[in-house]
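Single-structure report; data block below.
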Amino acid sequence: MSLSRLLLLLCLGVTLVAIGCHRAPASHTDQKLIILGIDGMDPDLLKQFMAEGKMPNFSALAGKGSFRRLTTSIPPQSPVAWSNLITGMNAGGHGIFDFIHRDPKTLQPYFSTSQVEPPKHGIHLGSWVIPIGSGKAEQLRHGKAFWEVLDEHGIPNSVFRIPANFPPIKASGRTLSGMGTPDLRGSYGTFSFYTDDPMKSAGAVEGGQIIPVQVQDSQVKADLIGPDNSFREGSPASILPFTVSIDPLEPVANIEVQDQQFVLREGEWSDWVHVDFELLPFLGNVSGICRFYLKQAHPRFELYVSPMNIDPADPALPISTPKSYSRELTDEVGEFYTQGISEDTKALSAAVLDDKEYLEQARTVLAEHRRIFDAEFPKFHKGLFFFYFSSLDLNSHMFWRLMDPKHPEYDANLAAQYGSSIEDFYRQIDQVLGEVLPKVDDHTTLLVLSDHGFAPYNRSFNLNTWLLNNDYIALKPGAADTDEAFANVDWSRTRAYGLGLNGLYLNLRGRERAGIVEPGAQADALLAEIKAKLLAVRDPKNNAIAITRIDRATDVYQGPYAKTGPDLLIGYNRGYRAGWRTILGNFPADVFEDNTNPWSGDHCMDYTLVPGVLLSNQPIAAQAPALTDIAPTIFAEFGIPQPDGMMGHSVFSSGQTQH
Ligand SMILES: [Zn+2]
């Protein structure tokens, strides 16, 4: 190392152990491990921002320690990727293959990582149903999590907001659930938008609901929508009335809900507002928190209300270990978004929030995460500390179009205002690293990693439409495209179907409800045929190859669940992704479409095109480390023998790695 570089590091306040020499021998009880999990941090963007001097702390870490690309999961979707990290196994071992799975018997899609079930039985009294027993939330990820193994060996640990851990598994340390945590309605986030604008059509939009209201005598009376009330016959949504009084002259409104009232100016967000939904008179209340945003007072009334979040001070469903921890955290840092994907990307996609408004909301999310980090990191003294940040992922999804002039949704005016948004979030993550580096001493290993990288999403490929056009799917006569999954599919003549972002399934006899493809030679031949045809597909717009890689599940998955997922994993070319509606089993007219959604960057592609990053203060020996190596790395750091079934190796030892 040059002297000038050493001085530079000292000036930055960075304490790092010397690379090249052997690491200070520490007994495993002294050993500390810090992992920053940065969803969606892309190696090329990181390199660019480092070269431009915008990421001084990452530059210091990469310069002094190591920086590698980190092989992501197949497919490269966050729930799959983080589950690889959590368990040290691929999807065959943990059973998470996609955001969306299907029940082969009903062919209905469902979220892959958890399910929330109301009580199964109840006594009917008039319009009330008194439940017997209680409902439950169930985590669907299999395999032992790395912190369970640490607990077994008495290594202290805390794991904040790691995806695919809702409801949180039993743990000795503090954990807080992250991506996969629902809102109070059981969805991944459903906003409400109240307006008297007749141009806005009422009803459900993806991730939200447009609710028509009337302004009478400068007042709006409407209802907040809460969880389905399983105490009522038919389980209608519970509601809570609120009143908005609009100032006739000023762009200001007074909002009254339960015993609270507050004033919002146009363009202003409320703090978190506590509300209680009464499910049974005097008995069953469910507490929620939400934020109001007065988008417009005059001439049209427009009020956005965030998804109703589980109240961390009084959680209706478990979101932390110990259970009391989320309340204690609230006492320390105030309320915060508890829904797993907190950035309201759906409100931007639905044009309910514009770029500026969405950005304010997304910045609030990161500010909350940083508040939690700032409260917890100083308490870390031994064992393992893991903290997850979502901002780079969600905001790269939403703002790629304003960073990339080649994107179909690029807008020069908007780019002038918001083109640096992704960079701004990267800089904030660099600031977080700047808080960590001074605490990295001789007994501390630091890993900064992402689950996958990023790429533009310019063009959609509608896999189910392609399968239909190529006679692998048959529809019933006269059937039209509907929003219901596979509503008009004639399964007696259908051989394969697409579901989720990267999955293709055969309609297999003995597995699917009305399977017609024989397992074995017939299935193998069909998969080979479809694979060859898909790899040859060219985009008529520019003659580009749409799909660069297809993996067979039997080639890439090991473990007890290897046969429960898709049969083929479709790896789209950079710039391509499965279209919005094909994912859920629908059939848009065209195979290819421009992606006009503000959701303009993505990573659900050929996994070799979107690697993540791995940085460490220690020399990384592995030339091609993978997510499945991280759990083995954690165990090696604490001298714990690697549990059976884990496939990787510590990245600090040189060994061959499977993905
Ligand atoms: Zn993502």
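Whatever order the structure lists them in is the order used to number ligands and atoms, beginning at 1. The structure displayed is predicted, hence computed values, not measured ones.
Excluding waters, the set of protein N/O/S atoms under 2.8 Å from the Zn ion (ligand 1) reads D393 OD1, D393 OD2, H397 NE2, H603 NE2.
In this structure, the side chain of S450 does not engage the main chain of G40 through any donor-acceptor pair within 3.5 Å.
Aromatic ring orientation, F399 versus Y418: tilted (interplanar angle from 30° to 60°).
In this structure, CD1 in I372 is found 6.5 Å from CZ in R161, a value given to the nearest 0.5 Å. Separating the CZ atom in R549 from the NZ atom in K531 is a distance of 8.0 Å, to the nearest 0.5 Å.
For the residue pair S460/N595, the side-chain donor-acceptor check at 3.5 Å is not satisfied.
Tested against N309, the residues Q339, E335, R291 include a single side-chain hydrogen bond (donor to acceptor under 3.5 Å, both in side chains) partner, Q339.
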